[in-house]
Amino acid sequence: NEVPAVVASTRPKSRIRRLISNLKLSNGSKDGSWKEGESKATIPSKLFFWYVSPLLKLALKRTLTEDDALSLVESCRMEKSVDSLAEVYDQVRRKALKKIELERKEGGDKVKKSQSILLLKALVKQQRGMLILTGFLRLLNTAIQAFPAILVARLLRSIEAGNNIPATRAISAAIMLVAVLTLKMVTENQFFHNVVNMSTKTRGSLEGLIFDKSLRLPDGGAGVMTKQRSNDEKKALGSGGVLNLLQTDATIIESAAMQVHTIWDGPLQISMYTYLLYKYLGPSVLYGLFVLLMVIPLNSITLRILDKLSRFENEARDARTKRTTESINNMKLLKVQGWEEQFASDIRRHRKDELNRHKTRGIIRAVNSAISNAVPALVLVVTLTAYAKTGRPIVASTVFTAISLFNQLRFPLFFYPMLIDALANGKNSLQRIASYLTSEEMTPYVETLPPTQGGSIELKNGNFLWATSEPPKDGEVTGPQTPALCNANLRVGPGEVVAVVGPVGTGKSALIK
């Protein structure tokens, strides 16, 4: 008996079937489709990152290789991201061309600021969708963060009331607390996952723009003149400076992009937690708020100092990498002339200068972080002291709720020094990259003409001899002894690019000549 063949249905799935397919817990860990990664993952798998589980199980069995990497989402591939940013940046620059030309006549500083703003606009426009998504996730996560403290207060009040309140109320509060914390975990992880993707894509796109620009500049852009802000002098960027743009400045902008939402989310969290503290502690919280307001001028002063130290450190790093690159590229000359020790001492001097500036910047940043970390504890002490003087009873529901809220208040205060440092470095790096991307390019010396009909080259049974190099003897010329080409056949059509490939001595040069 013949077994009837089973023909797969090619009918498209309905909306309900597609929804059920997306709600599956996994995305094919047995059939190998897990390598598609996030692009083909189901909704629960994306929320809880289950699509990474097969890769982690494989890592327990053997060492992972490059072939085990998950596939990237199409929008995250650099060949598309770089072209997208280049197109957006070109559009933004063309729209602002008249304004920039006017500012160039008035002064160079305004031009540089304009160029950095244009690059920032292009980055924001390219990542507009991800900025909206991550902003919504951050807002949702911030709104959820306030509920655990409220539920803790409700649970503690139920315990303080004893038998006067039914046990179901305390159980419901505990269940709601677990559910809220779970929802907070999901939204927080999704936010960080997407914001890291956005910042990594930003860094990769900038690195691609810098690399493409170096191909259109003489010496890869090493001769681009940049203005040193410390002494208003202009110096050549150097090959080391170009590497700094690719490795250091692009990474600094990536770090600033990861913290961009803290600009608005930090004040929102501070305001929300201050309101809740006022609700539970009354006017006593104003004393703690006064301590917080005293920290704001200190952060402003720190921002200016870190901005200046960041510029000094970048200049020292450029000088060190430039001298190092010159030594490596001209090592033979240094050995012949005996200049090794002189150049080595220069490199050590530049390195020492760079480390000193980095150390000074690190000390100021550490002091600022220490003060910011001590502020929540100081605020808590001041607030509870003022609350105790009011004569109101200090109970567990009030104290532990206040501690929970002050702990939540610690995070925006902890991230703000990092944000200030990141914005100071990012502003400086953005100006450097924008100045490099707007440098004058080489004038193309090859004119590209449209293809025309005809003009082909054809060779059939070509036989050629090398010209003699011996002088005539007795009025007779000695003929060549070795043929150059024998029975050569060639045809090149109009617009074709032909490569002549072959071993040594097979007549490649003879054919060209």
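We number each residue from 1, following the sequence as shown.
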Check [X] against [Y] and note the closest heavy-atom contact, atom names and distance.
X      : Y      : value
Ala149 : Thr401 : O-CG2, 3.8 Å
Pro148 : Leu181 : CG-CD2, 3.8 Å
Met130 : Asn194 : CE-O, 3.3 Å
Ala257 : Val195 : O-CG2, 4.1 Å
Thr438 : Ala434 : OG1-O, 2.9 Å
Ala122 : Val88  : O-CG1, 3.7 Å

Roughly how far, to the nearest 0.5 Å, is the [atom2] atom of [Y] from the [atom1] atom of [X]?
X      : Y      : atom1 : atom2 : answer
Leu306 : Thr360 : CG    : OG1   : 11.5 Å
Leu139 : Thr134 : CG    : OG1   : 11.5 Å
Leu206 : Leu119 : CG    : CG    : 6.0 Å
Leu85  : Asp90  : CG    : CG    : 11.0 Å
Gln91  : Lys121 : CD    : NZ    : 14.0 Å
Gln431 : Ile117 : CD    : CD1   : 9.0 Å

Got [X] and [Y] here, is their nearest side-chain heavy-atom distance under 4.5 Å?
X      : Y      : result
Leu309 : Arg357 : no
Glu207 : Met78  : no
Leu209 : Ile433 : no
Thr321 : Leu243 : no
Asn428 : Glu313 : no
Ser284 : Thr390 : yes
Ile150 : Tyr280 : yes
Ile253 : Arg203 : no

- Under the side-chain contact (heavy atoms from CB on, under 4.5 Å) rule, what do Glu254 and Ser429 come out as? Steps first, then yes or no, please. CA-CA 11 Å; Glu254 177 190 20; Ser429 297; over 6 Å; no
Looking only at side-chain N and O atoms, does Thr200 offer a donor or acceptor that is under 3.5 Å from a partner on Asn197? no
In terms of heavy-atom contacts, does [atom1] of [X] have more than 12 from other residues, nucleotides or ligands at under 6.0 Å?
X      : atom1 : result
His358 : NE2   : no
Phe211 : CZ    : no
Lys46  : NZ    : yes

> Tyr89 ring centre to Arg93 NZ or CZ under 6.0 Å, with the angle to the axis within 45°?
Replying inline: yes
Do side-chain atoms of [X] reach the backbone of [Y] as a donor and acceptor pair under 3.5 angstrom?
X      : Y      : result
Ser439 : Tyr436 : yes
Asn189 : Met185 : yes
Ser45  : Tyr51  : yes
Ser271 : Pro267 : yes
Lys184 : Ile144 : no
Gln126 : Ser81  : yes
Thr248 : Leu245 : no

| query | Looking at Arg349 and Asp353, does any basic side-chain N land under 4.0 Å from a carboxylate oxygen? | reply | no
side-chain hydrogen bond (donor to acceptor under 3.5 Å, both in side chains) test vs Arg320 passes for just one of Glu315, Glu354, His350, namely Glu354
Between Glu188 and Gln145, does the side-chain contact (heavy atoms from CB on, under 4.5 Å) criterion hold? Intermediate values first, please. CA-CA 10 Å; Glu188 194 170 35; Gln145 283 180 353; 4.1 Å; yes
Show, in sequence, the C-alpha distance, side-chain angles and deciding distance for Leu430 and Leu123, and conclude whether the side-chain contact (heavy atoms from CB on, under 4.5 Å) test is met.
CA-CA 11 Å; Leu430 197 67; Leu123 290 172; 4.2 Å; yes
- Item | Check against side-chain contact (heavy atoms from CB on, under 4.5 Å), Met176 and Phe147 | CA-CA 9 Å; Met176 291 179 61; Phe147 286 97; over 6 Å; no
Return the orientation label for the His261 and Trp264 ring planes: parallel under 30°, perpendicular over 60°, tilted otherwise.
perpendicular
